[in-house]
Amino acid sequence: MRRKIVAGNWKMNNDLGQTDELLTELLKKMPETEASVMVAPSFISLRVAYDALIQSPIEVIAQNMHFAESGAYTGEVSAEMLKSAEIDTVILGHSERRAYFNETDETLAKKVSTAIAHDMTVVFCFGEELTDRKSNRHFEVVESQLKKGLFHLESQAWKNIILAYEPVWAIGTGETATPAQAQEMHAFIRKTVAEQYSSDIADKVSILYGGSVKPDNAKEIFSQADVDGGLIGGASLNAKDFIAIIEAI
Ligand code: PGA
């Protein structure tokens, strides 16, 4: 059985006080679930969130990290720093990092390698832009992102990989891929991993969908055979909505 996952990406939202408030709300109403639940606060809030959630099944994860071990990289955070704060999972390749911070497939491949070398789990994000889909290049783009970002990994590293397909045109726009579009792409992703590695690895890797997942569309998206959960942006900032999405899985 593949792991079902609901992960909340808070992006650049919530200061320390708001982190505490949101997590308190979340803990009050957290449903029993077999799914893994994760939240990704800003670096500033990571440790506070970790302490607040230590008795709960919710895992605190990071939104980004640098590929270097340490050194003159002003403003950056290393794998070792995250590990020292008990953070074992990191989101890499989010479309906002790619678009606004010039993260390339090559940079991401290095980040992925560093995270794996530190035995971290990676939530690897990728997805096509609207122009790609309109010109019917979405499969090609997704295949290329997977290949360049991840296919240098050895088979055994895949136990530490979670995939998050996030069509850029659906992020923060209120526009969601239809369940059929999500399923079609997730099946393609699984097939691509199976061809490069093995059907065993492809069957085991969790593939999350991200892009305007809300309480009212989560259930239908999560019910697709190859959709193993969601990476949730906006709706993860509201305890009630995030809980409804956890319940949907
Ligand atoms: P959204 O963001 O749910 O606000 O569309 C998803 C994401 O960026 O991970």
Side-chain angles (χ1 to χ4, degrees), residues 4-14 18-19 22 26 35-43 45-46 49 58-65 87 89-103 108 111-112 115 121-130 132-133 138 141-142 145-146 149-150 161-179 181-182 185-186 189 205-222 224 227-249:
K4 301 267 185 201
I5 300 166
V6 176
N9 174 11
W10 292 4
K11 310 191 179 183
M12 198 172 72
N13 294 292
N14 292 333
Q18 291 162 329
T19 297
L22 179 51
L26 212 53
S36 300
V37 177
M38 305 172 175
V39 291
S42 72
F43 287 130
S45 287
L46 279 180
I58 305 173
E59 183 185 354
V60 180
I61 71 174
Q63 297 178 17
N64 181 32
M65 60 164 233
I87 306 301
T89 301
V90 61
I91 298 173
L92 294 176
H94 191 280
S95 66
E96 287 147 20
R97 300 292 321 167
R98 293 177 190 256
Y100 308 143
F101 302 97
N102 303 318
E103 293 199 6
L108 291 168
K111 290 188 176 204
V112 168
T121 293
V122 174
V123 179
F124 185 79
C125 304
F126 55 96
E128 82 283 359
E129 296 189 20
L130 189 57
D132 301 323
R133 188 162 276 266
H138 44 299
V141 167
V142 160
Q145 288 171 325
L146 285 173
L150 294 176
I161 299 292
I162 297 164
L163 300 176
Y165 167 62
E166 300 201 298
V168 177
W169 48 271
I171 296 178
T173 58
E175 192 165 337
T176 333
T178 63
Q181 282 174 323
M185 184 57 90
H186 283 224
I189 293 162
V205 69
S206 297
I207 310 177
L208 315 185
Y209 169 80
S212 297
V213 177
K214 307 287 175 203
D216 59 359
N217 61 21
K219 203 164 187 165
E220 213 189 337
I221 294 173
F222 294 164
Q224 304 300 307
V227 177
D228 305 308
L231 183 55
I232 320 298
S236 73
L237 298 173
N238 176 295
K240 196 162 152 264
D241 287 354
F242 193 52
I243 281 167
I245 293 170
I246 297 167
E247 280 166 346
I249 207 159

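Order of listing sets the numbers, starting from 1, for every ligand and every atom in it.
- Ligand 1 is never approached by Lys214 to a heavy-atom distance shorter than 4.0 Å.
- Residue-to-ligand polar distances place Gly234 within reach of ligand 1: an N/O pair is separated by less than 3.5 Å.
- Within the 4.5 Å cutoff, no side-chain heavy atoms of Thr89 are placed close to those of Val122.
- Atom numbering of ligand 1 starts at 1 in the shown order; those under 4.0 Å from a heavy atom of Ser212 are 1 (P), 3 (O), 5 (O).
- Here is the list of ligand 1 atoms found below 4.0 Å of a heavy atom in Gly172: 1 (P), 4 (O), 5 (O).
- Less than 4.0 angstrom separates some heavy atom of His94 from each of these atoms of ligand 1: 7 (C), 8 (O), 9 (O).
- To the nearest 0.5 angstrom, Ser236 atom OG is 7.5 Å from Leu22 atom CG.
- Atom numbering of ligand 1 starts at 1 in the shown order; those under 4.0 Å from a heavy atom of Gly211 are 5 (O).
- Remark: side-chain polar atoms of Asp132 are not paired, donor with acceptor, to backbone N or O of Val142 under 3.5 angstrom.
- Which parts of ligand 1 touch Ala170 is read off a 4.0 Å heavy-atom cut-off, strictly below it: atoms 5 (O).
- A donor and an acceptor atom, one from each side chain of Trp10 and Gln63, are nowhere located under 3.5 Å apart.
- Of the candidates Gly233, Ala7, Pro167, it is Gly233 that places a heavy atom closest to atom 1 (P) of ligand 1.
- Here's the thing with Glu166: one of its N/O atoms is less than 3.5 angstrom from an N/O atom of ligand 1.
- Under the 4.0 angstrom criterion for non-hydrogen atoms, Cys125 is not in contact with ligand 1.
- The closest side-chain donor-acceptor pair between Ser95 and Glu166, if any, does not fall under 3.5 angstrom.
- Taken from CD1 in Ile221 to CD1 in Ile245, the straight-line distance is 9.0 Å, to the nearest 0.5 Å.
- Across Ile87 and Ala62, no two heavy atoms sit closer than the pair CG2-N, 3.7 Å.
- With rounding to the nearest 0.5 Å, the separation of CG in Leu208 from CG in Asp228 is 7.0 Å.
- Below 3.5 Å of separation, one finds no N or O of Ile171 facing any N or O of ligand 1.
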